[in-house]
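Structure first, then comments.
Counting from 1, the numbers follow the sequence of the chain as shown. Values in this document were obtained by computation on a predicted structure and should not be read as measured data.
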Amino acid sequence: MNRSVRMGIDVGGTHTKAVAIDNETHEIIGKSSVKTTHDDPRGVAAGVVKSFENCLRENNISPQDVVFVAHSTTQATNALIEGDVACVGIIGMAKGGIESLLAKRQTRLDDIDLGNQKKIKIVNSFMKVKDISEKTVEGVIDILQENGAQVLVSSMAFGVDDGGPEKLVYRLASEKGIPTTMASDITKLYGLTRRTRTAAINASILPKMLDTANSTEASVREAGVQVPLMIMRGDGGVMEISEMKKRPVLTMLSGPAASVMGSL
């Protein structure tokens, strides 16, 4: 009779580790550790699949036995610490009047200091809702790109209640192949400046995290495992990799969180 196996994979700065447990008894039935593959063409994803495959082979676990895979990574944290971030273009939006006056100030960000002489470069723009159309948004996107923006943030006053304009920016930017974050996707809390700033941090690590996520997912599929790849969140929970591709900022500190959850 086949076993049901849960797999956990952790990418650390030095080693990448895989652990297998029996889904019924929670007994550890396999472990594997390899050097983290920073210099591989596929990046750390190569180490993920190597440790994963080693754990399966060395413990006679069939890929078909695996019912759950969770992946913990410090990639988002490392990107910010090392300054491996993209220039962020922000499109602030509001309806008009006093709301527009306040929102323009609250969505306009300075460069975000990451320490160690590293920073997230910010390029700002602002639109009133009455002026928003596909043509005008495309024009603003083009201007932001000309000014160095590699990724975008759409952030509207009360966007948590009406996300239509943010979604328009997201769609048009995606059609141009530009990674984009909607501020209302990051949090449903009010507080325009905080929401915009958090969205900017999220957007800045999107290229790095998308590359890692796609490579890791492809590598796990190569190993013959077809169950959804789950990613560890900073709060100790997990999310599907499709969600991580939109909100990588939620993986911040997932390494320490994984350690605590493992101990519990």
Side-chain angles (χ1 to χ4, degrees), residues 1-79 84 205-264:
M1 183 176 177
N2 291 340
R3 292 176 292 184
S4 292
V5 179
R6 297 170 73 89
M7 298 283 294
I9 307 167
D10 176 67
V11 179
T14 306
H15 290 90
T16 295
K17 298 165 283 292
V19 176
I21 68 170
D22 187 291
N23 193 44
E24 300 298 326
T25 66
H26 293 179
E27 175 190 3
I28 295 176
I29 57 177
K31 302 177 186 178
S32 179
S33 178
V34 302
K35 287 287 185 70
T36 298
T37 51
H38 296 290
D39 298 325
D40 190 276
R42 291 188 296 174
V44 299
V48 168
V49 73
K50 188 176 181 180
S51 65
F52 185 79
E53 289 178 332
N54 287 353
C55 191
L56 294 181
R57 184 181 65 256
E58 293 166 5
N59 298 283
N60 297 315
I61 300 170
S62 167
Q64 287 70 42
D65 293 343
V66 179
V67 297
F68 180 88
V69 182
H71 171 41
S72 171
T73 177
T74 58
Q75 199 75 24
T77 305
N78 292 345
D84 190 5
I205 58 176
L206 272 177
K208 183 73 172 181
M209 295 300 288
L210 284 171
D211 182 56
T212 299
N214 290 332
S215 297
T216 301
E217 186 174 33
S219 297
V220 170
R221 297 290 172 256
E222 280 178 28
V225 175
Q226 299 303 318
V227 295
L229 175 60
M230 309 300 287
I231 306 297
M232 193 84 185
R233 293 165 47 124
D235 61 4
V238 294
M239 59 184 173
E240 289 197 20
I241 197 166
S242 57
E243 182 65 19
M244 190 272 264
K245 291 176 181 179
K246 292 195 301 182
R247 300 194 288 175
V249 73
L250 295 182
T251 68
M252 293 288 293
L253 302 180
S254 67
S259 299
V260 173
M261 295 304 293
S263 298
L264 291 173

What residues, two or more places apart in sequence or in another chain, satisfy side-chain hydrogen bond (donor to acceptor under 3.5 Å, both in side chains) together with [X]?
X: Ser51; answer: none
X: Glu217; answer: Lys245
X: Ser62; answer: Gln64
X: Arg221; answer: none

Listed partners of [X] passing salt bridge (charged side-chain N to carboxylate O under 4.0 Å, His left out), at least two apart:
X: Asp40; result: none
X: Lys50; result: none
X: Asp211; result: none

Can you name the nearest heavy-atom pair linking [X] to [Y], along with the distance?
X: Lys31; Y: Cys55; value: N-SG, 3.8 Å
X: Val34; Y: Gly47; value: CG2-O, 3.6 Å
X: Ile9; Y: Phe52; value: CD1-CD1, 3.5 Å
X: Val238; Y: Met230; value: CG2-CE, 3.9 Å

Is there a side-chain contact between [X] and [Y] in this structure, where contact means two heavy atoms from C-beta onward sitting under 4.5 Å apart?
X: Thr37; Y: Thr16; answer: no
X: Pro228; Y: Ile241; answer: no
X: Val11; Y: His71; answer: yes

From [atom1] ([X]) to [atom2] ([Y]), nearest 0.5 Å:
X: Ser32; Y: Asn54; atom1: OG; atom2: CG; result: 4.0 Å
X: Leu210; Y: Ile205; atom1: CG; atom2: CD1; result: 9.5 Å
X: His26; Y: Ile21; atom1: NE2; atom2: CD1; result: 5.5 Å
X: Met244; Y: Leu250; atom1: CE; atom2: CG; result: 10.5 Å

Side chain to side chain contact (heavy atoms under 4.5 Å, CB included) involving Ile61 - partner list, sequence neighbours excluded: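 Ile61 satisfies side chain to side chain contact (heavy atoms under 4.5 Å, CB included) with Arg3, Val5, Ala20, Ile29, Leu56, Asn59, Asp65, Val66 only.
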
Run the side chain to side chain contact (heavy atoms under 4.5 Å, CB included) test against Glu243 and tell me which residues pass, sequence neighbours left out.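 Once residues adjacent in sequence are excluded, the partners of Glu243 under the side chain to side chain contact (heavy atoms under 4.5 Å, CB included) criterion are Met239, Lys246, Arg247.
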
